[in-house]
Amino acid sequence: MRKQFSANTAMTLAALGIVYGDIGTSPLYALKESFRASTIAPTETNVLGFVSLIVWSLLLIVTLKYVLFILRADNNGEGGVVVLMQQAMQHLKGKPVWIVMMMGLTGTALFYGDAMITPAVSVLSAAEGLTVISESFRSYVMPIALIILFGLFLIQKKGTHKIGTLFGPIMLIWFSAIALIGLYQIVQAPKIILAFSPFYAINFAINHGWDGFIGLGCVVLAVTGAEALYADMGHFGRKPIQTAWIKIVLPSLIINYLGQGALILHNPNAINNPFFLSAPHWLLIPLIILATFATIIASQAVIAGAYSLTRQAIQLGFAPRMNIIHTNNEEVGQIYLPLVNWLLLVAVTLVVLAFHDSEHLASAYGIAVTGTMVITSCLFCVVMIKNWRWPIPLALLLTSVFLCFDLVFFSSNLLKLIHGGWFPVMVALIVVTLFSTWRRGQAQLLQAQQNQEFSLDNFVENLNDYPPQIVSGNAVFMVSDPFSIPRALLHNLKHNKVLHSYNVLLSVKTKEIPYVADNDRIAMKQIGPRFTRVIANYGFQETANITHILKLMAEQGIKLDTMDTSFFLSHDSIVVAAKTKHGNMGRLRARLFKWLYKNSASAGNYYHIPANRVVELGAQVVI
């Protein structure tokens, strides 16, 4: 019992550190930007209104929607918009599948815009605490933020497990500190407790019209980390995330926001930076240091999420292969993608240089998150109806409740479009274009490659009747379709006119589940005296490894000595057709696919095949 308690406590602390990094640092900027963006005077009624809106947003959007409902829509414990998309597509046919897929891709793409803005706005907000000590420090804010961000991305190759043990305790100290600071201010202006009444939120929204609508675009900054609760569920489980939220995060956030509101009630000038001004002057430097650590953790969480999301996209066929490095032999979820890491660093640096401070970044922040929230609600509705078999009226009623908040926040954030909100939208459009182009291009490439006159079984029988020159050794031919003839095999016979004494036709398949048990990993079938078909199944949260596959094959009776085995891979040269054929994706997108295909990581590197055992063969393919 004691061991179980300790394990649950450790997992709750881990969830506290990773999952709640983003939403846990929202007090740094949410209330401040709400007043700043709307230009509403910090009168008593307005302060109570803004704080009430934030409190009820935390209760209704995060607690009700995500913690109590959305977290239930898991796939073997995994969550996230990609997982939700996969579940929604399972029981659909025809055009709805395409619509759901595009919704899922859009939600995924919006996350990348969020991943570029979150580190920038979080770290800048923490560094801006120095200006509370002295305005002369303002010129140092951007250089300090850039140094911190560069260091953060630099250490990613070490793996999150190296610093992960510190996340929970630091965030526990952080939430305790912000709760105590908030309580300190509430005692001085207890009237702020009235903000718990939804009357002030409703009254504020009704009476302030356009200005209040603009303010809602920044109120949503208080709940921008809500999607992380669902996306990171596979790392910690539903129970630890719910426990950490209900017992620690939610009370601390509400108390701190009430404290900031209490400060503004008796000192309206504090709206310039109510978070840091809430603390006693002697506590400012320790609080700035703690806030910096908290924002680093928030950034770390979203960076790790970008890695996981990219791997899911690769495994599901929406993105080209990239080099994936596993930083922990025991935790399959801890990975490092060098290309994604450095692209994010460049993007985050450009964001900081372009927007300068958190005030301008707040204008760009929100569209990506609220757009994903809307998509999540719609996909969840499909899951409730098709997967869970809920009554349609009940599912639509619950979805309508969610969309009432999501659409209001999303539409209010659309007002930011010309003031920086265009950035995450632009990023999302680029990512959706890349994803859809790769998916369509791969389908066309496979179709062009499968134009064969006879089946694999007939081909093997023909080789038995008219055997070519047989050479010693083993050959493994990687093939996407396990029932088609590997192109590398055809090229080898055509040009080298030889066949190895034993041949394995290996296909790696991605299942619509996060993980596949080793018992179900390998399926083998003998299709001739010299040929065996092997299908290796992996989940979309896993990365195939040839060493692991060979080990499992050996357990089932087929032992291949790596140093006596050649791995034949097909890598064709793509030629864009002079005239676009009906059904093709157009010359521009075809050229984009050609560029992506040319620059994708080779199958040898992706599957960790020894470089000195790889033979690549290919031909020209017209698309």
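Everything numeric in this text was worked out from a predicted model, so none of it was measured.
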Can you tell me how far OG of Ser122 sits from CD1 of Ile297, rounded to the nearest 0.5 angstrom? 11.5 Å
Between Gln444 and Arg440 (side chain of the first, backbone of the second, donor and acceptor by atom type, cut-off under 3.5 Å), is there such a pair? no
Given Pro486, which of Phe459, Phe568, Phe477 fulfils the side-chain contact (heavy atoms from CB on, under 4.5 Å) condition? Phe477
At their closest point, which heavy atom of Thr118 faces which heavy atom of Ala298, and how far apart are they? CG2-O, 4.4 Å
Side-chain contact, heavy-atom cut-off 4.5 Å: Asn492 with Leu617? yes
Does the side chain to side chain contact (heavy atoms under 4.5 Å, CB included) test come out yes or no for Met103 and Met85, once each step is laid out? CA-CA 8 Å; Met103 290 175 62; Met85 175 190 73; over 6 Å; no
Would you find a donor on one side and an acceptor on the other, under 3.5 Å apart, between the side chain of Ser501 and the backbone of Gly473? yes
Trp438 side chain to Ala319 backbone, donor-acceptor under 3.5 Å: yes
Closest approach of Ala590 to Val576 (non-hydrogen atoms, all atoms of both residues): CB-CG1, 3.9 Å
For the CG atom of Leu489 and the OG atom of Ser570, what is their distance to the nearest 0.5 Å? 9.0 Å
Heavy-atom count around Leu588 CG within 6.0 Å, excluding the residue itself: above 12? no
What distance separates Leu154 CG from Ile147 CD1, expressed to the nearest 0.5 Å? 13.0 Å
Pairing donors with acceptors under 3.5 angstrom, does anything connect the side chains of Thr543 and Tyr607? no
Hey, what do you get for CG (Leu506) to CD1 (Ile549), rounding to the nearest 0.5 Å? 5.0 Å
Do the ring planes of Phe318 and Phe435 sit parallel (below 30°), tilted (30 to 60°) or perpendicular (above 60°)? tilted
Audit row: Lys497, Gln469, side chain to side chain contact (heavy atoms under 4.5 Å, CB included) steps and yes/no: CA-CA 7 Å; Lys497 305 184 187 311; Gln469 179 70 36; over 6 Å; no
Side chains of Arg589 and Thr437, donor plus acceptor under 3.5 Å: yes
Testing the 3.5 Å rule here: is there a donor-acceptor pair between the side chains of Thr565 and Tyr502? no
Donor-acceptor contact below 3.5 Å, side chain Asn605 vs main chain Ala601: no
Smallest heavy-atom separation, Val81 atom then Gly107 atom, equals CG1-C, 4.1 Å
With a 3.5 Å distance limit and no angle check, can you tell me whether Asp481 reaches the backbone of Phe483 through a side-chain donor-acceptor pair? yes
Nearest non-hydrogen partners of Asp561 and Asn474, listed with the distance: N-ND2, 4.2 Å
Check whether the ring centres of Phe153 and Trp342 lie less than 6.0 Å apart, and answer yes or no. no
Please determine whether ring-ring contact (aromatic ring centres under 6.0 Å, His included) holds for the pair His500 and Phe531, giving the CA-CA distance in whole Å, both sets of side-chain angles, and the decisive distance to 0.1 Å. CA-CA 10 Å; His500 284 73; Phe531 288 90; over 10 Å; no
Is the cationic atom of Arg311 (NZ for Lys, CZ for Arg) positioned less than 6.0 Å from the six-membered ring centroid of Phe540 and within 45 degrees of its normal? no
The test is side chain to side chain contact (heavy atoms under 4.5 Å, CB included); show your working for Val615 and Leu569 and say whether it passes. CA-CA 6 Å; Val615 179; Leu569 310 177; over 6 Å; no
Met426 and Leu429: side chain to side chain contact (heavy atoms under 4.5 Å, CB included), yes or no, with the steps? CA-CA 5 Å; Met426 179 190 70; Leu429 287 174; 5.7 Å; no
Taken to the nearest 0.5 Å, the spacing of Phe567 CZ from Leu560 CG works out to 7.0 Å
Rounded to the nearest 0.5 Å, how far apart are CG of Leu92 and NZ of Lys386? 6.0 Å
Student check: side-chain heavy atoms of Ile522 and Ile535 closer than 4.5 Å: no
Ring geometry between Phe380 and Phe69 (parallel below 30°, tilted from 30 to 60°, perpendicular above 60°): perpendicular
Heavy atoms of Arg533 and Pro482 approach each other most closely as NE-O, 2.9 Å
Flag, side chain of Asn387 to backbone of Gln87, donor-acceptor distance under 3.5 Å: yes
Any Phe423 side-chain heavy atom under 4.5 Å of Ile117 side chain: yes
Testing the 3.5 Å rule here: is there a donor-acceptor pair between the side chains of Asp74 and Tyr230? no
Between Glu542 and Gln315, is there a side-chain donor-acceptor contact under 3.5 Å, judged purely by atom types and distance? no
Keeping to residues at least two apart or across chains, list the side-chain hydrogen bond (donor to acceptor under 3.5 Å, both in side chains) pairs with something in residues 374-385. Lys65-Ser377, Glu227-Thr376, Ser377-Asp406
Residue Trp388 excluded, over 12 heavy atoms near CH2 under 6.0 Å: yes
What heavy-atom pair brings Pro468 and Leu493 nearest, and what distance separates the two atoms? CG-CD2, 3.8 Å
Kindly say whether Asn503 contributes a backbone atom to a donor-acceptor pair with the side chain of Arg530 at under 3.5 angstrom? no
